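Here the structure is a predicted model, which means the values were calculated and not measured.
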Amino acid sequence: MYGGNRTTRRVKALTGACLAAGTLAFGGATAARAQTGLPDTHNIPTNAVADHVTFMDNSRGTNGNMAAANFIDYGGSLGDFMFGDGTGGLSIWSLNDPAHPLYVANVTAAQLRVAGDTQDRFYEGENMTVDPKRKLVILSRDPRGFGGELATGQSGFYVIDVKDPYNPKIVTFHSVPAGHTATCINDCQYLWSVGPYQTGTPGNNPDWFPQKPYEQKRGGVPIWVTDISDPAHPYTYPTPLDTARFDGETGYVHSVDVDRNGVAWASGEGGVRGYYTVGTHYDPVKQVNRVATAYDPIPYAGGTTPLVNPSQDNFFGYFDHNAQHITQKVGDHPAGDLLYVTNENIIACSVAGELKVVSLAGSYNGQGWNSTPQNPFRLNLVGHWSPWGKPGSATTGNCSAHWFTVNGNTLVQAWYGQGTRFLDMSDPANPTQVGYFRVPREQGSPVTAGSASAAYWHNGYVYVADYNRGIDTLKFDGTITGTPDGVCWGSCDGAKVTYTGTADGGIGGSVPATLSLTLGGTAPSFGNFTPGIDKTYDATGTANVISTAGDALLSVADPSSTATGHLVNGAFSLPDPLTARARNAVTQGTAFNNVGSSASPLNLLMWNAPVSNDAVSLDFRQHIGANDALRTGNYSKTLTFTLSTTSP
């Protein structure tokens with residue numbers, strides 16, 4: 001662990017924002033715990049069908065039913081942890097030995113009961129989201145759990161405090177009219193909840209089930225926004241988002257994923273649509289410049305994805321289960337052009353869902369929000385892939401497409417009865433299978449058959465959440481193509497790349513541990529703020545970064561408890577928050593986000609390898625409305641910049 005320097009410079013004589021010099025800060029070690037673990041079952045798949053994949057271990061956790069997983073690295077001697085949820089509740093594993101997760105703690109379904117529950121059966125909570133800074137796990141509660149059903153069940157989410165991962169504590173249960181998946185937004189200060197809900201909830205139309213043909217519109221399930229800045233007292237906004245998503249009708253939103261640029265992508269019936277949730281942007285639907293928030297986002301791009309099989313125009317033909325926006329350049333497609341989309345279908349294996357690759361070209365001017373049955377807008381299909389008929393495939397059973405993650409140009413996806421599939425996406429028009437792992441059902445066999453729900457790249461391994469088997473740990477033996485940029489799904493927090501390598505030789509030298517952050521000599525200024533005019537002001541500073549660490553993260557925070565994240569002038573503060581971003585020669589596409597507090601700093605830029613004298617642009621943006629009252633004098637704030645690492 002490094003020791004660090006701390007320097008601070010305060011500048012108050014400017015009108016606009018003022019910056020502090022950097023702070024080099026590092027997390028401290030946490031006392032190690034005895035790795036004894038809870039009673040567990042390891043179901044070894046002696047009958048597995050596999051190619052270019054090595055099975056490492058299996059853990060059943062609470063009851064062997066896992067819908068999703070996520071990860072928090074605590075640093076120090078405590079290390080990395082995996083969290084998984086399913087019908088049995090929450091399971092927690094230590095990853096001190098990443099090839100063999102150790103089941104160490106849980107929150108059982110019985111502990112998750114609330115008033116009126118009749119069973120100990122927590123229903124899934126797909127796409128489980130975590131807050132790695134505040135050490136919180138969010139579990140979505142589907143109304144079909146605990147003996148409930150769509151007409152009577154209770155939906156919402158639980159907040160679990162995992163500051164001590166060996167001793168998780170339930171903070172609260174909060175009822176929300178959606179409960180299948182939930183995703184952290186804006187550094188987990190907000191939560192977007194989607195999916196099934198209690199049918200009597202105002203604002204939702206339950207007429208989506210049973211499914212009808214496309215031409216018979218069915219109402220839908222929108223996005224509900226909850227402020228969780230105070231985890232013990234969440235507040236859900238009364239107006240849902242992403243309505244009228246399917247040719248003017250409110251479809252069933254199933255999942256939300258935030259990309260590396262901070263854009264939130266909502267997937268479901270009627271396609272995939274992206275939203276800015278921070279910063280000032282042009283709204284192509286309202287045709288004005290305005291400030292985006294988590295509860296009033298601005299359309300970015302997207303729309304209904306095309307049918308792979310045009311004759312299949314029922315609910316599942318148009319139902320996109322989840323998606324990832326690929327911010328890197330892939331093949332001949334420019335950075336940010338592609339969406340990878342899972343089209344779920346729970347019917348016969350021969351038509352059981354596709355991985356679709358679509359282009360966002362032509363969707364940046366609100367086309368996906370202005371689509372109608374008379375004048376429908378559809379994204380362009382670049383390519384698609386299904387396991388049907390491919391090596392290692394099943395021909396019977398439930399083979400629905402499900403959750404996936406991407407590492408470079410190599411994608412890993414769960415496919416229920418088709419197992420875990422590894423695809424090379426270097427040519428987006430022609431995805432190519434490069435590995436697979438499937439545990440078939442065999443009469444009389446002691447091996448539990450697989451029903452894979454989600455597959456996650458994580459620090460060199462793939463962890464598969466399986467509805468029957470719990471967690472399978474796999475090692476991909478093939479070549480990861482493309483440039484790894486860290487694994488990103490859900491809220492994208494903590495995405496990073498781990499590089500490993502060896503070298504032989506009899507000569508060497510040593511490099512001292514170094515983290516150096518130097519801010520430019522001139523403090524940026526927004527200049528004069530003009531009262532009575534709606535305007536967005538920009539300012540730019542510079543920084544120089546030197547790091548010998550395996551990774552490095554630049555963040556910024558407002559340490560003041562007075563109007564945190566806002567410029568102040570004595571007792572007065574600006575209504576809109578100060579936003580910031582950082583860019584270098586490699587990373588130019590970052591979005592502006594709100595400057596956070598010391599407890600929840602804003603992550604600006606990440607390095608996945610050592611770097612020397614990297615020139616960084618520090619960009620700041622401040623919106624002032626025409627009706628914002630301004631006090632004569634200087635508005636300023638001293639900010640703290642931190643360069644840190646988890647890989648000394």
Side-chain angles (χ1 to χ4, degrees), residues 52-53 56 66-73 80 82-85 95 98 101 126-130 132 181 183-184 254-260 264-265 267 272 320-328 330 338-344 353-357 385 387 400-416 418-426 428 431 433-437 452-466 471-476 478-498 606 608:
H52 285 93
V53 175
M56 307 303 295
M66 293 296 152
N70 213 318
F71 307 86
I72 297 178
D73 190 343
D80 197 13
M82 175 169 61
F83 303 84
D85 69 343
L95 296 180
E126 292 185 16
N127 202 32
M128 182 177 61
T129 197
V130 301
T181 74
T183 301
C184 281
H254 181 268
S255 72
V256 175
D257 290 274
V258 181
D259 69 20
R260 298 181 185 285
W265 296 87
S267 304
V272 185
D320 292 335
H321 181 275
N322 63 298
Q324 286 192 30
H325 179 222
I326 307 303
T327 55
Q328 294 190 96
V330 184
L338 297 180
L339 279 174
Y340 296 166
V341 184
T342 293
N343 175 222
E344 185 176 31
E354 297 265 353
L355 174 72
K356 297 193 287 190
V357 182
W385 192 89
S400 178
H402 234 234
W403 303 96
F404 65 88
T405 55
V406 183
N407 190 1
N409 286 341
T410 306
L411 177 149
V412 61
Q413 179 166 354
W415 240 286
Y416 277 20
Q418 296 288 15
T420 304
R421 304 288 168 150
F422 294 80
L423 304 178
D424 183 356
M425 306 298 293
S426 299
Q433 180 171 270
V434 292
Y436 56 83
F437 176 85
S453 172
Y456 307 94
W457 290 105
H458 185 71
N459 291 345
Y461 293 90
V462 171
Y463 298 94
V464 180
D466 190 290
I471 296 287
D472 280 324
T473 303
L474 309 178
K475 186 76 172 180
F476 178 54
T479 300
I480 297 175
T481 57
T483 303
D485 62 347
V487 177
C488 172
W489 77 93
S491 63
C492 253
D493 287 337
K496 70 184 185 71
V497 182
T498 300
M606 177 178 286
N608 297 312

Quiz prompt | Residue pair M425, L338: steps toward the side-chain contact (heavy atoms from CB on, under 4.5 Å) verdict | solution = CA-CA 11 Å; M425 306 298 293; L338 297 180; over 6 Å; no
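- Counting only heavy atoms from C-beta outward, the side chains of N407 and V412 never approach each other to under 4.5 Å.
- Smallest separation of non-hydrogen atoms from T481 and S426: OG1-OG, 3.4 Å.
- Across every non-hydrogen atom of F71 and Y456, the tightest pair is CE1-CB, 4.0 Å.
- The shortest non-hydrogen separation linking W385 to Q433 is CH2-OE1, 3.3 Å.
- Side-chain atoms of T181 and E126 include no donor-acceptor pair closer than 3.5 Å.
- Taking 4.5 Å as the limit, some side-chain heavy atom of P101 sits within range of a side-chain heavy atom of Y463.
- By the 6.0 Å and 45° rule, K356 does not stack over the aromatic ring of Y340.
- The side chain to side chain contact (heavy atoms under 4.5 Å, CB included) search around A452 returns A414, T420, V464, D466, not counting sequence neighbours.
- Here the straight-line distance linking atom CD of Q328 with atom OG1 of T483 works out to 6.0 Å at 0.5 Å rounding.
- Side-chain atoms of W265 and D320, non-hydrogen and from C-beta on, never get closer than 4.5 Å to each other.
- The side chain to side chain donor-acceptor pair (under 3.5 Å) test applied to H402 returns H321, Y416, S453, not counting sequence neighbours.
- Between V462 and F422, some side-chain heavy-atom pair lies under the 4.5 Å cut-off.
- Judged as a side chain to side chain contact (heavy atoms under 4.5 Å, CB included), and not counting sequence neighbours, the contacts of A323 are S267, V272, V341.
- Between the CG atom of L423 and the CG atom of N409 there is a distance of 11.5 Å, given to the nearest 0.5 Å.
- Nearest heavy atom pair, residue A465 against residue A67, reads CB-C, 3.9 Å.
- With rounding to the nearest 0.5 Å, the separation of CG in D424 from CG in L411 is 10.0 Å.
- Looking at every heavy atom in both residues, C184 comes nearest to V258 through O-CG2, 3.8 Å.
- Contacts of N70 classified as side chain to side chain contact (heavy atoms under 4.5 Å, CB included), with partners at least two apart in sequence or in another chain: M128, V130, W489.
- W415 has its side chain within reach of L355: a pair of non-hydrogen atoms, C-beta onward, lies under 4.5 Å apart.
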Quiz item: side-chain contact (heavy atoms from CB on, under 4.5 Å) between N127 and H254: does it pass, once the steps are laid out?
Solution: CA-CA 10 Å; N127 202 32; H254 181 268; over 6 Å; no
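- The shortest distance between side-chain heavy atoms of F437 and D472 falls below 4.5 Å.
- When all heavy atoms are compared, the tightest approach of H325 to L339 is CA-CD2, 3.6 Å.
- Scanning for side chain to side chain donor-acceptor pair (under 3.5 Å) contacts around W457 gives an empty result, with sequence neighbours left out.
- Side chains of P98 and N459 form no contact here, defined as non-hydrogen atoms less than 4.5 Å apart.
- Side chains of Q413 and T342: a donor on one and an acceptor on the other come within 3.5 Å.
- Taking T479 as the reference, nothing meets the side chain to side chain contact (heavy atoms under 4.5 Å, CB included) condition, with sequence neighbours excluded.
- Using a 3.5 Å distance cut-off with no hydrogens or angles, the side chains of D259 and T327 do not pair a donor with an acceptor.
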